[in-house]
Amino acid sequence: MENNLPVNIREYQELAKKALPKMHYDYINGGAEDEHTLRDNIAAYGRILLRPRVLVDVSNIDMSINLLGYDMPSPIIVAPTGSHKLANPEGEVATARAAAACNTLMVLSFSASCKIEEVASSCDAIRFYQLYVFKNRDISATLVQRAESHGFKAIVLTVDTPMLGRREADIRNKMVAPANANLEGLMPIDDLDTAHISHLQTDGSKLEKYVRDTLDPSLSWKDVEWLKSITSLPILLKGIVTAEDARKAVEAGAASIIVSNHGARQLDYAPATISALEEVVKAVAGAVPVLVDGGVRRGTDVLKALALGARAVMVGRPVLYGLAARGQAGAKHVIEMLNRELELAMALCGCRSVAEITRDRVQTEGDRFRSLL
């Protein structure tokens with residue numbers, strides 16, 4: 001097996017599919033409703049072409065970036081994804097060690113299957129913590145304080161989930177919500193163990209109670225203010241896909257914006273994130289760094305995102321594919337593979353540093369359309 005390692009993310013996905021029970025693979029891989037956005041998150045990258053410049057001395061490629069004051073060797077970050085123990089028994093601890101081995105920043109999910117404390121003590125690394133705001137604000141506040149006291153450097157607030165999207169594979173599979181280790185002692189544990197993933201099944205009061213106790217449909221901009229009032233950490237807003245919300249995020253004091261459609265798990269027919277990126281970048285006009293996630297499967301995808309104005313790119317499912325296929329070593333290999341692909345793409349495009357990955361290195365559908373006018 002080890003002699004015959006996967007050579008790309010797609011091959012890791014195939015291995016993950018073989019390794020996992022169907023219910024768990026579908027949970028990791030699925031999207032909302034018709035899964036139009038799920039497919040388009042990937043397909044939209046394929047509609048962007050590269051414009052390589054040649055006869056540039058590319059003997060030294062520098063992929064390093066700075067994000068919120070932290071120096072990173074590459075612009076690739078591990079996105080927050082839930083329930084890593086579904087992919088591998090070591091869960092987020094394995095993912096954290098894989099990221100740390102690559103000097104890669106990891107965002108730990110609120111829905112992690114390992115405790116904040118376990119992940120923090122597993123290895124030395126820069127980590128951010130992703131949060132949902134509960135109806136019971138005390139639970140969210142407690143989680144923020146735990147993350148802050150265990151050395152997490154920023155809070156990533158997910159803003160696109162006032163309620164859960166309709167993920168039909170999970171409904172069909174009767175997927176059960178994996179226990180959330182970080183809610184032990186904060187909520188009655190039997191609710192956590194038995195609640196189903198999709199409240200649209202409405203097949204039990206425990207289910208409805210779980211959703212009632214967790215996601216808050218009244219979440220609004222004032223809650224960003226509330227979060228700022230309880231922590232000194234920078235707050236990144238994840239789940240913005242329009243210029244209007246990007247401007248509001250800057251006004252609300254967000255340290256960074258993450259262009260995300262929640263891996264296409266929330267609103268189907270929302271734009272592919274790479275299609276929404278430039279609109280957000282232009283609206284922000286350099287006030288804060290803009291990140292993007294969703295659909296990244298190649299180093300060339302990362303280069304395209306950077307050319308369209310992203311400071312960094314977050315990768316979710318591919319890391320889970322690696323974790324499911326080969327545990328910590330697989331997750332690490334996925335990150336390394338994307339880094340190597342990015343380095344090669346930069347060299348072949350004539351970009352010696354991230355600063356040289358400028359807008360003229362890509363041609364979007366819009367560019368092609370405008371060139372015809």
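With hydrogens and angles ignored, the 3.5 Å screen pairs no side-chain donor or acceptor of E11 with any backbone N or O of P6. With hydrogens and angles disregarded, no donor-acceptor distance shorter than 3.5 Å links the side chain of R297 to the backbone of P318. Side chain of T273 to main chain of G294: a donor-acceptor pair is present (N/O by atom type, distance under 3.5 Å, no hydrogens or angles). Within the 3.5 Å criterion, the main-chain N or O of F110 finds no donor-acceptor partner in the side chain of N182. Within the 3.5 Å criterion, the main-chain N or O of R265 finds a donor-acceptor partner in the side chain of R167. Within the 3.5 Å criterion, the main-chain N or O of S113 finds no donor-acceptor partner in the side chain of S83.
A 6.0 Å sphere centred on CZ of R368 holds more than 12 heavy atoms belonging to other residues, nucleotides or ligands. Around atom CG of L372, more than 12 heavy atoms belonging to other residues, nucleotides or ligands sit under 6.0 Å away. The environment of CG in D71 is crowded: more than 12 heavy-atom neighbours from other residues, nucleotides or ligands sit within 6.0 Å. Residue R39 qualifies as enclosed at atom CZ: its count of foreign heavy atoms under 6.0 Å is above 12. Residue R137 qualifies as enclosed at atom CZ: its count of foreign heavy atoms under 6.0 Å is above 12.
When all heavy atoms of I77 and A312 are compared, the closest pair comes out as CD1-CB, 3.7 Å. A96 and S122 make their closest contact through CB-OG, 3.9 Å (heavy atoms, listed as atom of the first residue, atom of the second, distance). Annotation for I240 and A246: closest pair CG2-N, 3.8 Å, computed over non-hydrogen atoms. Across all their heavy atoms, L38 and G30 have their closest contact at CD2-C, 4.1 Å.
Side-chain atoms of S232 and E148 include a donor-acceptor pair closer than 3.5 Å. Under the 3.5 Å distance criterion, with hydrogens and angles disregarded, a donor-acceptor pair is assigned to the side chains of D34 and Y269. Between the side chains of T37 and D40, no donor-acceptor pair is found at a separation under 3.5 Å. For the 3.5 Å distance criterion, the side chains of R166 and Q266 fail to qualify, holding no donor opposite an acceptor. Side-chain contact check for E279 and T242: no donor-acceptor pair (N or O, by modelled atom type) lies under 3.5 Å.
R370 has a carboxylate O that lies under 4.0 Å from a charged side-chain N of D367, or vice versa, which qualifies the two as a salt bridge. Taking the charged nitrogens against the carboxylate oxygens, K238 and D293 do have a contact shorter than 4.0 Å, which makes a salt bridge.
Counting only heavy atoms from C-beta outward, the side chains of L291 and L67 approach each other to under 4.5 Å.
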Query raised in the report: Passes side-chain hydrogen bond (donor to acceptor under 3.5 Å, both in side chains), N29 versus Y321? Steps please.
Result: CA-CA 9 Å; N29 216 46; Y321 299 150; 2.3 Å; yes

Report task. List the steps and the verdict of ring-ring contact (aromatic ring centres under 6.0 Å, His included) for Y12 and H333. Result -> CA-CA 10 Å; Y12 263 112; H333 189 216; 5.6 Å; yes

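Through direct or relayed side-chain contacts under 4.5 Å between Ile, Leu, Val, Met, Phe, Trp and Tyr, V7 connects to no other residue. Residues L344 make up the rest of the hydrophobic cluster containing L348, defined by ILVMFWY side-chain heavy atoms closer than 4.5 Å, directly or through other members. Connectivity analysis of hydrophobic side chains (ILVMFWY, heavy atoms under 4.5 Å, direct or indirect) links L49 to nothing; its cluster partners are none.
Here L219 pairs with V133, D223 under the side-chain contact (heavy atoms from CB on, under 4.5 Å) rule; sequence neighbours left out. By the side-chain contact (heavy atoms from CB on, under 4.5 Å) test, Q328 pairs with E90, A94, R97, A98, sequence neighbours left out.
Each side-chain hydrogen bond (donor to acceptor under 3.5 Å, both in side chains) pair with one or both residues in residues 347-358, not counting sequence neighbours, appears once here: R352-E356, T358-D360.
Residue L157 forms a side-chain contact (heavy atoms from CB on, under 4.5 Å) with just one option from L227, I258, V144, and that option is L227.
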